[in-house]
Amino acid sequence: MANLCVVGLQWGDEGKGKLVDVLSKEYDVVVRYQGGGNAGHTVVVDGRKYVLHLVPSGILRPGCVCVIGNGVVVDPATLVEEIDGLKAQGVRVEENLLISDRAHMVLPYHKIIDKLADTEDGKPRIGTTGRGIGPCYSDKVSRQGIRIGELLDKAEFGKRLREALVQKNRVLTALYGAEPLAFEPLYNEFCGYADRLRPMIRDTVDVLNTYADQGKSILFEGAQAALLDIDYGTYPYATSSNTTTGGVATGAGLPPKSVGHVIGVAKAYTTRVGEGPFPTELQDDLGARLREHGGEFGATTGRPRRCGWFDAVSVRHSTRVCGADSIALTKLDVLGGMGRIRVCVAYRHGSEILKRFPSSCAVLRSVEPVYEEFEGWEEDISQARSVKTLPKAAKDYIRAIEERVGLPVSSIGVGSGREEIIRLPL
Ligand code: IMP
């Protein structure tokens, strides 16, 4: 069976977690390859809600091996809390979870600096999740980070932490006028995490390559989405990792050819959390209705999500950079009762019509969407389990998206539960 990569095609929160949960029953292994505790993957099983930040969404399938790859930045405090929360909900975690020894650790100073650096005149600059993601990846790239594997040797970890604190405390006090962090309590706290996580820390590059040699099937679970990718997203309004398919090779340690099939996940409309351009944003009652119908509030931060129409221009860009083979269209049920529905098919920029997604945020901020309009539907479609039973207007809308994006739709989400999905033969 070919491996599969599930990636977001918009600005995140497309429902990747639910899809990975549904598909994971067909795979031996699920791997997270980038991002960190900024992700909030919501999965509903038998009416019970699970929110996953670091643990792969395959964890709810007994027997599925879940791997946090080397490209993920791991906050041990978040991870231990998440493991405990899942265990309290009856999920077996430690038996099925492996954490890469090469994954970089998010330390408390990363979170403090993230929040301080993202504030300008009391307002958010990027609107990050405040989970320390950018500062942690910065340390990784500038070779100042501390990796999870270093927890295994407490004396060596202590030395590295002490060195790091000298520099970070200088930044905290001199640059931001913040309080310095004391070594002892931090060291003791992290030694506690070391004891908890030790049985799960492995050379996952070796483990995953061995699994691949044995012919095990692997599902790569992307976090965030293509429009937040550090290279292909709306930079600087992006996250700090390669959220696209390319991130698999560097973030899991398997060669690019191991990716296999790619499913791009897109909501039937668009949402965005944080700052940055969003051409199809609806800042009116319709946007508020989408937010309310769709429950569009951040799973990690609780922030209200900005809502707007489906944007075929940006999704086309995402499908190209991700090499998507098909689209998983999610939350189609939310559009019911919205009246006529719009899809952005191009951007008007001055006298020009742009069909390609511009790389410049300045351009993107000044474009006007060119829309096509479609009939809406009034029916509640959450009980539909086949395309045949969908209202004609919903079928026409799906077809329009396939044509405007240029890819087939392989599944349709009609609700948050595991069973509320229509899978289409390709
Ligand atoms: P960071 O990843 O916390 O640095 O945040 C950078 C940008 O990515 C901000 O606009 C966040 O709102 C956005 N972001 C990060 N993670 C997610 C996610 O899982 N869903 C949606 N937006 C996200």
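- Salt bridge present: R102 and D203 bring a charged side-chain N and a carboxylate O closer than 4.0 Å.
- Checked by atom type, the side-chain pair T244/D229 shows a donor-acceptor distance below 3.5 Å.
- Side-chain N or O atoms of S360 include one that pairs as donor or acceptor with a backbone N or O of V363 at under 3.5 Å.
- Side-chain contact between C307 and L282 is absent, with no heavy-atom pair separated by less than 4.5 Å.
- Judged by distance alone, the side chain of D195 and the main-chain N or O of Y193 form no donor-acceptor pair under 3.5 Å.
- The 12-atom threshold is exceeded at CG of N188, counting heavy atoms of other residues, nucleotides or ligands nearer than 6.0 Å.
- Other residues, nucleotides and ligands contribute over 12 non-hydrogen atoms within 6.0 Å of the CD atom of Q144.
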>> What verdict does the side-chain contact (heavy atoms from CB on, under 4.5 Å) test give for L79 and L197, after you've listed the backbone C-alpha separation in whole Å, the side-chain angles of each residue and the deciding distance to 0.1 Å?
In response: CA-CA 9 Å; L79 181 57; L197 301 178; 3.9 Å; yes

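- Between the side chain of S318 and the main chain of S314, a donor-acceptor pair closer than 3.5 Å is present.
- Summarising the local packing, CZ of R418 is surrounded by more than 12 heavy atoms from other residues, nucleotides or ligands at distances under 6.0 Å.
- S57 and D21 share no side-chain donor-acceptor pair at under 3.5 Å.
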> Going through the distances and angles, do R399 and E402 end up as a salt bridge (charged side-chain N to carboxylate O under 4.0 Å, His left out)?
Replying inline: CA-CA 5 Å; R399 204 154 305 124; E402 290 186 318; 5.3 Å; no

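- Formation of a donor-acceptor pair under 3.5 Å by the S100 side chain with backbone atoms of G69 is not found in this model.
- In the model, D139 has no side-chain atom that pairs as donor or acceptor with a side-chain atom of H104 under 3.5 Å.
- For the 3.5 Å distance criterion, the side chains of Q224 and Q34 qualify, holding a donor opposite an acceptor.
- Put simply, the side chain of R202 never gets that close to the backbone of D206: no donor and acceptor are under 3.5 Å apart.
- Between R272 and T234, some side-chain heavy-atom pair lies under the 4.5 Å cut-off.
- No donor-acceptor contact under 3.5 angstrom links the side chains of D333 and S382, judged on distance only.
- In summary, of the residues considered (K267, R289, R291), a salt bridge (Lys or Arg N to Asp or Glu O under 4.0 Å) with E296 occurs for K267 alone.
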>> Set out, in order, the CA-CA distance, both residues' side-chain angles and the distance that settles side chain to side chain donor-acceptor pair (under 3.5 Å) for T270 and D311, then state yes or no.
In response: CA-CA 7 Å; T270 313; D311 181 351; over 6 Å; no

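- At distances below 3.5 Å, not a single donor-acceptor pair connects side-chain atoms of R125 with backbone N or O atoms of E120.
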> Which is it for D101 and T204 under the side-chain contact (heavy atoms from CB on, under 4.5 Å) test, yes or no, and what are the steps along the way?
Replying inline: CA-CA 7 Å; D101 55 359; T204 58; 5.6 Å; no

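- Listed by chain and residue number, E372 satisfy the salt bridge (charged side-chain N to carboxylate O under 4.0 Å, His left out) test with R404 (two or more places apart in sequence, or in another chain).
- In terms of modelled atom types and a separation under 3.5 Å, the side chain of Y187 and the main chain of K154 share a donor-acceptor contact.
- Residue-environment remark: CZ (R198) exceeds the threshold of 12 foreign heavy atoms within 6.0 Å.
- When atom types are taken as modelled, the side chain of Q89 and the backbone of Y50 share no donor-acceptor pair closer than 3.5 angstrom.
- A heavy-atom distance below 4.5 Å is not found between the side chains of T239 and I230.
- A centroid separation of 6.0 Å or more is found between the aromatic rings of Y237 and W11.
- In this structure, I112 and L172 have side chains that are in contact, with non-hydrogen atoms separated by less than 4.5 Å.
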> Between T119 and K123, does a side chain to side chain donor-acceptor pair (under 3.5 Å) hold up when you go through it step by step?
Replying inline: CA-CA 5 Å; T119 309; K123 291 199 221 95; over 6 Å; no

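- Using a 3.5 Å distance cut-off with no hydrogens or angles, the side chains of E81 and H53 do not pair a donor with an acceptor.
- Residues Y27 and M1 form a side-chain contact, since some pair of their non-hydrogen atoms from C-beta on lies under 4.5 Å apart.
- Taking 4.0 Å as the cut-off between side-chain N and carboxylate O, R423 and E26 count as a salt-bridged pair.
- In this structure, R385 contributes its side chain and I422 its backbone to no donor-acceptor pair below 3.5 Å.
- Defined by atom type and a distance below 3.5 Å, a donor-acceptor pair is present between the side-chain atoms of T301 and R303.
- Proximity of K111 to V106: side-chain heavy atoms (C-beta onward) are separated by under 4.5 Å at one or more points.
- The side-chain heavy atoms of Y371 and V343, taken from C-beta on, include no pair separated by under 4.5 Å.
- When side chains are defined from C-beta on, V259 counts as touching V262, because their heavy atoms get closer than 4.5 Å.
- Under the 6.0 Å distance and 45° angle rule, R162 counts as a cation-pi partner of F183.
- Contact record, G294 with Y269: CA-OH, 3.7 Å, taken as the closest heavy-atom pair.
- Crowding of Y235 atom OH: a count of heavy atoms from other residues, nucleotides or ligands under 6.0 Å not exceeding 12.
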> Does the pair E275 and I126 meet the rule for a side-chain contact (heavy atoms from CB on, under 4.5 Å), with working shown?
Replying inline: CA-CA 5 Å; E275 306 303 306; I126 306 289; 5.7 Å; no

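- A salt bridge is absent between R32 and E221: the closest approach of a Lys/Arg side-chain nitrogen to an acidic carboxylate oxygen does not fall below 4.0 angstrom.
- K355 NZ: 12 or fewer foreign heavy atoms inside a 6.0 Å radius.
- Between the side chain of N38 and the main chain of R131, no donor-acceptor pair closer than 3.5 Å is present.
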